[in-house]
Amino acid sequence: MAIISSQSGKTPDRSRPQRRTDDANSSADSSDASARRSSSGNNRLLRPQANSNEDLAVEDTGSPSDASLRPQSLSDYIGQRELKEVLGIAISAAQARSEPLDHLMFYGPPGLGKTTVCAALAYEMGVKMHMTSAPALEGAKDIAGYLVNLKLGDILFIDEIHRLPKVTEEMLYPAMEDYRLDITVGKGRSARVTSLKLPRFTLVGATTKVGALTAPLRDRFGLVQRLRFYETEELVDIVLRTGRLLETPVDRQGAIEIARRSRGTPRIANRLFKRVRDYAQVKSNGAIDANIAATALELFNVDPLGLDWTDRKLLKMMIENFDGGPVGLDTMAAATGEDSQTIEEVYEPYLLQIGFLQRTARGRVVTAAALQHLGYEVNLPLNLW
Ligand code: ADP
């Protein structure tokens with residue numbers, strides 16, 4: 001499998017603030033090209049290639065030692081059992097028919113593994129994954145550039161697909177349904193539409209906001225799958241795996257301490273792991289146990305439930321300035337100086353998941369559990385009571 005991608009503005013994602021490192025990778029591209037030469041037609045779909053996924057693998061720090069954190073195959077992919085089962089069936093059926101996979105959509109908060117699972121699909125199918133992000137597909141020629149380069153069975157991964165410009169979205173309809181690219185040549189009255197035949201390919205969309213997708217686009221995906229937050233046990237496995245890959249000793253209690261504070265999100269688990277690893281290296285003998293993990297994460301302002309400074313600021317603002325709510329999203333953004341999209345797509349899902357926020361028709365409301373966690377008296381005159 002090889003992956004080519006475009007740089008783009010991503011959904012605000014506090015767990016991915018550093019450089020995107022899954023850029024176009026010419027060497028991966030050329031190795032795939034030779035693999036392509038040696039395999040032809042449908043056979044290619046049946047044969048997983050043994051290429052490494054280095055081009056997708058460098059995580060947020062960009063350090064070379066991070067190169068293999070991203071699981072390559074579906075069997076390395078931890079958790080999301082139902083999702084893997086559904087995908088396993090889709091892969092087996094497509095391979096038995098020597099056909100590409102149906103178009104797929106993954107949705108869920110950032111960092112849960114949407115890109116990773118798509119890369120694993122490409123690996124299992126033995127095809128190339130082309131990566132881009134909706135905001136990068138501004139004009140017709142941007143998406144056309146991707147489509148004309150696809151080969152039979154290839155996967156086109158579009159991140160943040162809910163942000164597709166209208167013109168791009170409309171070009172995708174015939175491409176997805178009839179494997180046809182309609183290009184308008186000329187202008188005004190002399191303009192005419194030329195159609196280009198495309199090979200059968202698989203479009204994989206990823207989004208943090210499935211509700212923002214238009215119905216015609218959503219309906220063109222054969223499978224729409226939600227990624228859920230991970231259980232602590234699954235995150236413990238991810239942390240232990242990261243420890244092995246980064247050659248950092250971490251015991252089970254240490255892994256639990258990191259997992260508990262990772263907001264159900266693998267990317268955050270890996271990020272916290274790296275911060276704890278730094279701390280253990282500087283303050284101790286480099287090994288991570290529960291005590292080292294807890295002390296380091298307190299220092300980095302990550303509390304035992306994984307709330308950080310911004311989560312606490314959001315909740316405190318709602319409690320102290322608005323009696324616990326209801327507060328509208330825009331008011332929350334204005335009162336905290338955070339971007340409303342970031343609040344909605346990055347912070348809020350986890351606070352809803354752990355029952356610290358509730359969504360009502362009139363806005364967001366803080367719950368008793370959040371009050372207790374933050375040390376407020378539960379008999380405050382909250383609108384909730
Ligand atoms: P998303 O596309 O949903 O924002 P990613 O696929 O980029 O998330 O995942 C972020 C990181 O988390 C990956 O680079 C990988 O290291 C790790 N990760 C995600 N899902 C898993 C998983 N199921 N098992 C192990 N690690 C994972």
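Start at 1 with the first residue, then count along the sequence. Please read all numbers here as calculations on a predicted model, not as lab measurements. In listed order, ligands and their atoms are each counted from 1.
- In terms of polar-atom proximity, defined here as any N/O pair under 3.5 Å, Val117 makes no such contact with ligand 1.
- Counted by atom type alone, Glu160 and Thr208 present zero donor-acceptor pairs between their side chains at under 3.5 Å.
- Contact between Gly111 and ligand 1 is present, with at least one heavy atom of the residue lying under 4.0 Å from the ligand.
- When non-hydrogen atoms are compared, ligand 1 lies under 4.0 Å from the side chain of Asn270 (C-beta onward) but not from its backbone.
- Phe106 does not count as a contact of ligand 1, since none of its heavy atoms falls under 4.0 Å from the ligand.
- Checking only distances, Ile78 does come within under 3.5 Å of ligand 1, N or O to N or O.
- Side-chain N or O atoms of Tyr230 include one that pairs as donor or acceptor with a backbone N or O of Leu112 at under 3.5 Å.
- None of Glu234, Arg228, Glu85 except one satisfies the side-chain contact (heavy atoms from CB on, under 4.5 Å) rule with Gln80; the exception is Arg228.
- Residue Pro110 has at least one heavy-atom neighbour below 4.0 Å for each of these atoms of ligand 1: 4 (O).
- Remark: the backbone N or O of Leu164 is not paired with any side-chain donor or acceptor of Thr168 at under 3.5 angstrom.
- Put simply, part of Arg70 is less than 4.0 Å from ligand 1, judged by heavy atoms.
- Hydrophobic clustering (side-chain heavy atoms under 4.5 Å, transitive across Ile, Leu, Val, Met, Phe, Trp, Tyr) groups Leu307 together with Leu352.
- Cation-pi contact between Arg263 and Phe229: absent, since separation from the ring centre below 6.0 Å together with deviation from the ring axis within 45° is not met.
- Within ligand 1, counting atoms from 1 as listed, the ones closer than 4.0 Å to a heavy atom of Leu69 are 16 (O).
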Margin query: Applying ring-ring contact (aromatic ring centres under 6.0 Å, His included) to Phe157 and His130, what does each step give before you reach the verdict?
Written below: CA-CA 6 Å; Phe157 176 78; His130 305 250; over 10 Å; no
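- Not a single N or O atom of Arg241, backbone or side chain, sits closer than 3.5 Å to an N or O atom of ligand 1.
- Scanning Ala269, Gly108, Pro266, Pro109 for the heavy atom closest to atom 21 (C) of ligand 1 points to Pro266.
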